[in-house]
Amino acid sequence: MLDIRRIRAEPEAVKAALARRGHDTSAIDEVVELDRSQRSTAEQRDLVRRDISNLSKQVGQLRRSGSAAESDELMARSRALGDDERTLTARADDLATEVREHLLRIANTPAPECPDGADEHANVVLRVENFDPDSYAPHQRVPHWEIGEALGILDVERGAKMSGSMFVLYRRKGAALVRALVQYALDRNADSYEEIRPPTLVRTDTMIATGHLPKFADDAYYLERDDLWAIPTAEVPLTSLARDEILDESVLPMRLMAHTSCFRREAGSAGRDTRGLLRVHEFDKVEILAYTTPEQASAAHDDILGRAEALIRDLGLAYRIVDICTGDLGSSSARTWDIEVYAPGADRWLEVSSCSWFADYQARRANIRYRPAGQKGTQLVNTLNGSALAVPRVWAALVETYRQPDGTIALPDVLAPYLRGDAIIPTA
RNA sequence: GGAGGGAUGGCAGAGCGGACGAAUGCGACGGUCUUGAAAACCGUUGAGCCUCCGGGCUCCGGGGGUUCGAAUCCCCCUCCCUCCGCCA
């Protein structure tokens with residue numbers, strides 16, 4: 001969430017920044033007003049509390065020195081203040097809750113460099129790599145759902161039978177390829193990212209910390225009986241790893257990575273991209289994430305993008321880097337770069353990575369701070385993360401790109417060690 | 001799932017309802033001493049909010065309650081530990 005003091009100090013600047021996203025800014029005016037009453041109510045409450053506390057101290061002293069009549073009188077006066085205190089406290093608490101509820105629903109302000117635009121059409125393609133639309137042969141122009149079925153490596157029908165549409169089942173070398181991609185991504189980042197294997201079911205607070213709740217509850221799977229949420233990305237547990245903690249500056253930047261299943265209801269996109277692996281409810285992903293000081297954030301953002309890009313590049317896929325515009329930016333993010341991979345069979349660009357800088361927006365929700373060396377006090381960290389590798393769409397692009405004239409698939413050699421030495425997927 | 005024990009500052013660990021934001025130890029930081037370091041000694045050392053910058057308020061796992069006054073008493077919840085049961 002945003003800093004209430006910043007909103008208080010420069011409401012117009014914050015409104016202007018949110019307007020770049022196309023968001024309604026009336027919530028800012030409301031929160032400013034609520035905050036004003038909250039503070040004045042809290043101040044009145046504090047004054048009453050001070051009086052009660054002073055009277056109580058005197059009562060204690062009088063009791064020891066034995067003036068019962070005097071202490072009885074002070075007790076009566078203090079008791080009378082109790083009602084005021086309760087009323088003011090209740091009012092101040094209600095207002096504080098309202099302020100927080102507003103703040104939790106206000107998006108992050110986009111970075112100044114973020115391109116302006118209303119929706120994804122205004123995203124800016126920064127670079128296109130390894131792509132020549134005329135270089136694809138007819139045997140590569142077959143969509144992966146057809147290839148997958150023909151080779152017996154992707155079973156959409158059985159997936160739907162056991163779990164419903166948009167749940168898929170990988171088989172044989174298709175399943176091995178999932179595992180191979182996961183391990184490839186983990187191994188390539190093990191030099192500076194600590195591997196974590198977090199829970200995939202988390203509490204509500206954990207979902208709030210990253211900004212996935214309260215606003216986007218419909219997008220997540222929820223287990224009512226146990227009050228737990230299925231994570232949509234490993235970003236969720238990894239961001240809560242340091243929740244409510246004060247880190248030593250020497251541990252920053254703190255880099256983490258995790259392979260998890262990710263669960264998405266895709267409530268808003270029913271009927272869209274339903275073929276094959278374009279959009280599925282459950283998928284594997286390797287996420288990389290960093291906690292940094294504000295000064296380290298920019299370099300960490302470059303590092304995350306660079307690592308995600310290197311994985312795709314070394315798989316030999318065609319891809320492009322996209323600068324997400326203000327209208328398409330995720331609500332917690334200040335700046336996001338996507339990597340999209342070209343799938344020649346589906347003939348589409350598929351988003352396979354999203355590398356985001358959240359500034360201190362998530363850190364404030366999650367209360368993650370550090371002690372700047374040599375200074376007293378604490379400061380909020382910055383958080384950043386990116387998908388190192390999201391399996392299904394990369395799987396799809398690989399299978400389509402590397403399909404041979406004879407229908408087999410010759411995967412890139414970098415994956416061979418993870419496929420028991422054999423990067424060929426034979427015809428069934 | 002059943003029975004019992006616990007949760008206090010960076011860590012360890014005290015804390016008869018009033019002088020407790022909290023003893024003590026360790027750690028960390030600053031200083032003295034030393035060629036330098038160690039040891040010793042002295043001092044400092046939780047977080048947050050508001051402020052008319054004088055100060056005020058909150059926080060002892062979380063939430064309610066009793067009281068003039070709660071770390072301390074009562075109730076509920078969460079988590080941790082021990083034992084039993086079940087189990088990959």
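Just so it is clear: chains get the letters A, B, ... in the order the sequence lines come, proteins before strands, and each one is counted from 1.
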Whole-Å [atom1] distance, [N] and [M]:
N	M	atom1	answer
B/rU32	B/rG21	P	35 Å
B/rC16	B/rA71	P	13 Å
B/rA14	B/rG61	P	14 Å
B/rU67	B/rC75	C1'	16 Å
B/rG46	B/rC33	C1'	31 Å
B/rU8	B/rC73	P	16 Å
B/rC60	B/rG17	C1'	15 Å
B/rG25	B/rU34	C1'	27 Å

Check: Can you check whether A/Arg172 reaches A/Ile425 side chain to side chain, under 4.5 Å on heavy atoms?
Finding: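 No, side chains not in contact.
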Using both distances under 3.5 Å as the test, list the Watson-Crick or G-U wobble partner of [N], or none.
N	result
B/rC41	B/rG31
B/rU67	none
B/rU24	B/rA12
B/rC79	B/rG6
B/rU72	none
B/rG1	B/rC84

[X] [atom1] to [N] [atom2], straight-line distance once rounded to whole Å:
X	N	atom1	atom2	result
A/Asp205	B/rC79	CG	P	12 Å
A/Gln58	B/rA19	CD	C1'	14 Å
A/Asp227	B/rC79	CG	P	11 Å
A/Arg50	B/rC68	CZ	C1'	18 Å
A/Arg79	B/rC68	CZ	C1'	7 Å
A/Leu55	B/rU67	CG	C1'	14 Å
A/Asp248	B/rG27	CG	C1'	12 Å
A/Leu247	B/rG46	CG	P	19 Å

Item checked: A/Tyr291 side chain to A/Thr239 backbone, donor-acceptor under 3.5 Å ->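 Pair found, side chain donor or acceptor close to backbone of A/Thr239.
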Could [X] and [Y] be called an ion pair, given the rule that one side-chain N must be under 4.0 Å from one carboxylate O?
X	Y	answer
A/Lys173	A/Asp422	yes
A/Asp205	A/Arg203	no
A/Asp35	A/Arg39	yes
A/Asp83	A/Arg86	yes

Checklist line | Upstream residue (5' side of RNA chain B) when A/Gly60 and A/Arg49 are each assigned their closest nucleotide | finding: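 Nearest nucleotide further toward 5': that of A/Gly60.
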Check: For RNA chain B, whose closest nucleotide is more 5', that of A/Lys57 or that of A/Asp93?
Finding: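 Taking each residue's closest nucleotide, the earlier one in sequence belongs to A/Lys57.
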Margin query: To check you understand the geometry: which heavy-atom pair defines the closest contact between A/Met207 and A/Ala220, and what is its length?
Written below: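 Looking at all heavy atoms of both residues, the closest pair is CE-CB, 3.7 Å.
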Check: Could you run down nucleotides 47-52 of chain B 5' to 3' and tag each one B, S or - for protein heavy-atom contact under 4.0 Å?
Finding: SSSSSB
Next item on the list: Check whether the side chains of A/Arg6 and A/Thr109 place a donor and an acceptor atom closer than 3.5 Å, and report yes or no.
Entry: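 Yes - a donor-acceptor pair under 3.5 Å links their side chains.
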Check: Between the side chains of A/Ser192 and A/Arg307, does any donor sit under 3.5 Å from an acceptor?
Finding: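 Yes.
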Notebook entry, point to check: Once the angle between the rings of A/Tyr184 and A/Tyr418 is folded into 0 to 90°, is it parallel (under 30°), tilted (30 to 60°) or perpendicular (over 60°)?
Noted result: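 Aromatic pair A/Tyr184/A/Tyr418 classed perpendicular.
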Next item on the list: Return the orientation label for the A/Phe167 and A/His281 ring planes: parallel under 30°, perpendicular over 60°, tilted otherwise.
Entry: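 Taking A/His281 first and then A/Phe167, their aromatic rings sit tilted (interplane angle of 30° to 60°).
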Can you tabulate the close N/O pairs, meaning under 3.5 Å, that link protein atoms to atoms of nucleotides 69-77 of chain B?
from   : atom 1 : to      : atom 2 : distance (Å)
B/rG69 : O4'    : A/Ser56 : OG     : 3.0

Notebook entry, point to check: Where does B/rG54 fall, syn or anti, if syn means a chi angle no more than 90° from 0?
Noted result: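 Nucleotide B/rG54 adopts syn.
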Notebook entry, point to check: Can a side chain N or O of A/Arg203 be found less than 4.0 Å away from OP1 or OP2 on B/rC79?
Noted result: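 For A/Arg203, the contact criterion (side-chain N or O under 4.0 Å from OP1 or OP2 of B/rC79) is met.
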